[in-house]
Q: 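After the structure tokens below, expect a handful of questions from me.
Keep in mind that what you see is a predicted model, and the values were worked out from it rather than measured. Here is how names work: the chains are called A, B, and so on, in the same order as the sequence lines, proteins then strands, and each is numbered from 1.
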2 protein chains.
Amino acid sequence: MKFKDYPKPSVTVDIIIFTIKDDDLKVLLVKRGVEPFAGKWAIPGGFVKMNENLEVAAQRELREETGVNANYLEQLYTFGDVNRDPRGRVITISYMTLVNSNKIKLKASTDVSEARWFSVYNLSNLAFDHKKILEYSLKRLRWKFEYTTLVFSLLQKKFTLTQIQKIYESVFNKKFDKRNFRKKILSLGIIKPVKEIEEMVSHRPSQLYTFIGEIGDTINII
Amino acid sequence: MKFKDYPKPSVTVDIIIFTIKDDDLKVLLVKRGVEPFAGKWAIPGGFVKMNENLEVAAQRELREETGVNANYLEQLYTFGDVNRDPRGRVITISYMTLVNSNKIKLKASTDVSEARWFSVYNLSNLAFDHKKILEYSLKRLRWKFEYTTLVFSLLQKKFTLTQIQKIYESVFNKKFDKRNFRKKILSLGIIKPVKEIEEMVSHRPSQLYTFIGEIGDTINII
DNA sequence: TGAATAGTGTCTTTCAGACAATATGCC
DNA sequence: GGCATATTGTCTGAAAGACACTATTCA
């Protein structure tokens, strides 16, 4: 079979980069510098190189945009409708990751003019079918937060229970009862208190905990 | 950006076709007629045409192998490791579907020599990375059976509670308690009895039910 | 002592899961 | 009556969810 002779679609990876900033779930978008959709905001992405695995390509895009490596990266879905890109047939494999926004210093890559964090609850007018991709990724993110220990990819080594709860409240965009939430988290046996407490706060300092487990482990949280 | 000038990977769709036959969960495999892996069994699939959406390509492959259209088709995962196909870079988007084996008359397509149903619990020595793909698809199938009404895509319009239970037992490869299972299914409010009972059986005939809802609806079943 | 956040327990309801006897139709 | 399968209810333990007050630190 001489499949080299057939015309082939282009293949890209897009990476949805989530973070929590100011108690709000945010996603990193880049402003397109070239047509099509010049001036519109888009999910960062780029072409997959011929000798590059898909996850490697996604990691590379992440690094180009943020300068950090993901400790969690998950393939989401592949979008390949014939007319999703006016330049021709482009099939994109979407990935998502979560980064700690403190560690990030945004830098513009070569073919984009700007990169910025956007609240996921206030998005509009994105390039391509990226709005649809983001809606899908938010569903997946919530699902992952219900069933896995993904939250710890957004926390420092030591953290408080309130910090966990605030992240959950940002991701689900709703409040949880403090007592029930803490009871549930503690019952999972995935965190343990450390011999330190919060410092430099003008109120009762809280107990610090550390995560014992692997990020992404399956476990019922909510 | 003249992205037409870059070398591009080939893109295929593979389709995992599940059915229940003889109270056993089976998957359709085809015997490869050509190299690489000539003579090995493989998941059916083929190249995506340039003017063809991904789901359409998957539906087409399904029709070529079985002659039926899917009433349920779901994208699973995209496999794209650099060396997964010795002929070159091939990225494959996998889909899964469930068909009623009564309706199927298998036919060989052009580039395969034979198609057969295999028990998912007895697979070995498949072509490419297809073993890995099947393991992944079984996990997803089970997940879907826990949380959705997918089972009804395998049943006729009228069915018995025992038929539902037997399908679940095949999919999860374990037995369920009859009383608890029926209690649970009935509590969901997604089926209703019809004014007929089973005929032509040499034992107490059972009540027939019909499904009220959409296949794939989310709902907690197990 | 006031401000700010940390930390904590009980009750009710729901659901999962264990468990066995009777009913019906056909031969 | 014997065979084969259908149908049915109770109890227990676990977990979810509603709900409000006290504790601690700092300024």
Side-chain angles (χ1 to χ4, degrees), chain A residues 20 22-23 142-143 145-149 151 155-156 158-210 218-222, chain B residues 22-23 142-143 145-148 151 155-156 158-210 218-222:
Chain A
I20 302 281
D22 309 323
D23 288 338
R142 287 178 173 169
W143 186 83
F145 266 74
E146 283 188 56
Y147 292 106
T148 76
T149 59
V151 68
L155 291 163
Q156 311 284 56
K158 295 169 190 167
F159 47 80
T160 67
L161 292 175
T162 300
Q163 284 171 340
I164 302 180
Q165 184 171 349
K166 282 198 166 162
I167 293 176
Y168 269 89
E169 290 178 342
S170 300
V171 167
F172 289 92
N173 203 24
K174 68 175 187 186
K175 299 290 180 189
F176 295 98
D177 178 84
K178 194 201 279 193
R179 285 161 295 183
N180 291 340
F181 188 87
R182 294 160 89 94
K183 190 178 11 172
K184 178 69 183 173
I185 294 290
L186 289 171
S187 77
L188 295 173
I190 55 174
I191 62 175
K192 66 174 185 202
V194 296
K195 286 197 196 80
E196 296 163 74
I197 54 173
E198 225 180 1
E199 286 177 2
M200 313 274 288
V201 288
S202 70
H203 53 79
R204 174 173 177 177
S206 69
Q207 175 66 51
L208 292 171
Y209 291 84
T210 190
T218 301
I219 196 159
N220 270 35
I221 292 195
I222 291 191
Chain B
D22 309 323
D23 287 336
R142 286 178 172 168
W143 186 83
F145 265 74
E146 282 188 57
Y147 291 106
T148 75
V151 67
L155 291 163
Q156 310 285 56
K158 294 168 189 167
F159 46 80
T160 68
L161 292 175
T162 301
Q163 284 171 341
I164 301 179
Q165 184 170 351
K166 282 198 166 162
I167 293 176
Y168 270 87
E169 290 178 341
S170 300
V171 167
F172 288 92
N173 202 23
K174 69 176 185 184
K175 298 290 178 188
F176 296 97
D177 178 84
K178 196 199 279 196
R179 283 162 297 184
N180 291 339
F181 187 87
R182 295 160 88 95
K183 191 177 10 172
K184 180 67 182 172
I185 295 290
L186 288 170
S187 78
L188 296 172
I190 55 174
I191 61 174
K192 65 174 183 203
V194 297
K195 287 196 195 81
E196 296 162 77
I197 53 172
E198 226 180 1
E199 287 176 3
M200 312 276 286
V201 289
S202 70
H203 55 78
R204 175 172 175 177
S206 69
Q207 176 64 241
L208 291 171
Y209 291 83
T210 189
T218 301
I219 196 159
N220 270 36
I221 292 194
I222 291 190

Q: In whole Å, what is the span from the CZ atom of B:Phe181 to the P atom of C:dC15?
A: 17 Å
Q: Taking atom P of C:dT22 as reference, at what distance in whole Å does atom CZ of B:Arg179 sit?
A: 13 Å
Q: Please determine if a side-chain N or O atom of A:Lys184 lies less than 4.0 Å away from the OP1 or OP2 oxygen of D:dA15.
A: no
Q: Any chance you could lay out the side chain to side chain contact (heavy atoms under 4.5 Å, CB included) test for A:Tyr147 and A:Ile221, step after step, and finish with the verdict?
A: CA-CA 6 Å; A:Tyr147 292 106; A:Ile221 292 195; over 6 Å; no
Q: Starting from C1' on C:dA16, measure out to CD on B:Glu146 and report it in whole angstrom.
A: 13 Å
Q: Write out a two-atom table: protein N or O, nucleotide N or O from nucleotides 4-6 of chain D, distance below 3.5 Å.
A:
unit_1	atom_1	unit_2	atom_2	d
D:dA6	OP1	B:Thr162	OG1	3.1
D:dA6	OP2	B:Thr162	OG1	3.3
D:dA6	N3	B:Arg204	NH1	3.3

Q: In whole angstroms, how far is the C1' atom of C:dT5 from the CZ atom of A:Phe159?
A: 19 Å
Q: Check this for me: does the side-chain of A:Lys183 come within 3.5 Å of the base of C:dG7 through a donor and an acceptor?
A: no
Q: How long is the gap from CG on A:Asp177 to NZ on A:Lys175, to the nearest 0.5 Å?
A: 12.5 Å
Q: Hey, what do you get for CD (B:Glu196) to OG1 (B:Thr210), rounding to the nearest 0.5 Å?
A: 10.0 Å
Q: Mind checking whether B:Tyr209 and B:Ile185 have side chains closer than 4.5 Å, heavy atoms only?
A: no
Q: Once you round it to whole Å, what is the distance between P of D:dT8 and CD of B:Gln165?
A: 14 Å
Q: If I take atom CG in residue B:Leu186 and atom C1' in nucleotide D:dG9, what distance separates them, rounded to the nearest angstrom?
A: 14 Å
Q: To the nearest Å, give me how far apart CG (A:Leu188) and C1' (D:dA15) are.
A: 12 Å
Q: Output side-chain donor-acceptor pairs under 3.5 Å for residues 163-171 of chain A, partner residues at least two apart or in another chain, one line each.
A:
unit_1	atom_1	unit_2	atom_2	d
A:Gln163	OE1	A:Thr160	N	3.0
A:Gln165	NE2	A:Glu169	OE2	3.0
A:Gln165	NE2	A:Phe176	O	2.8
A:Tyr168	OH	A:Phe145	O	2.8
A:Glu169	OE2	A:Phe176	N	3.0
A:Ser170	OG	A:Asp23	O	3.0
A:Ser170	OG	A:Lys166	O	3.0

Q: If you compare all heavy atoms of A:Val194 against all heavy atoms of A:Gln207, which two are closest, and at what distance to 0.1 Å?
A: O-NE2, 2.6 Å
Q: First locate atom CD1 of A:Ile191, then atom CG of A:Leu161, and finally report the distance between them rounded to the nearest 0.5 Å.
A: 5.0 Å
Q: Using the closest heavy atom to pick a nucleotide of DNA chain D for each, name whichever of B:Leu161 or A:Ser187 lands nearer the 5' end.
A: B:Leu161
Q: Take the protein atom OH of B:Tyr168 and the nucleotide atom P of C:dG17, then report the distance between them rounded to whole Å.
A: 14 Å
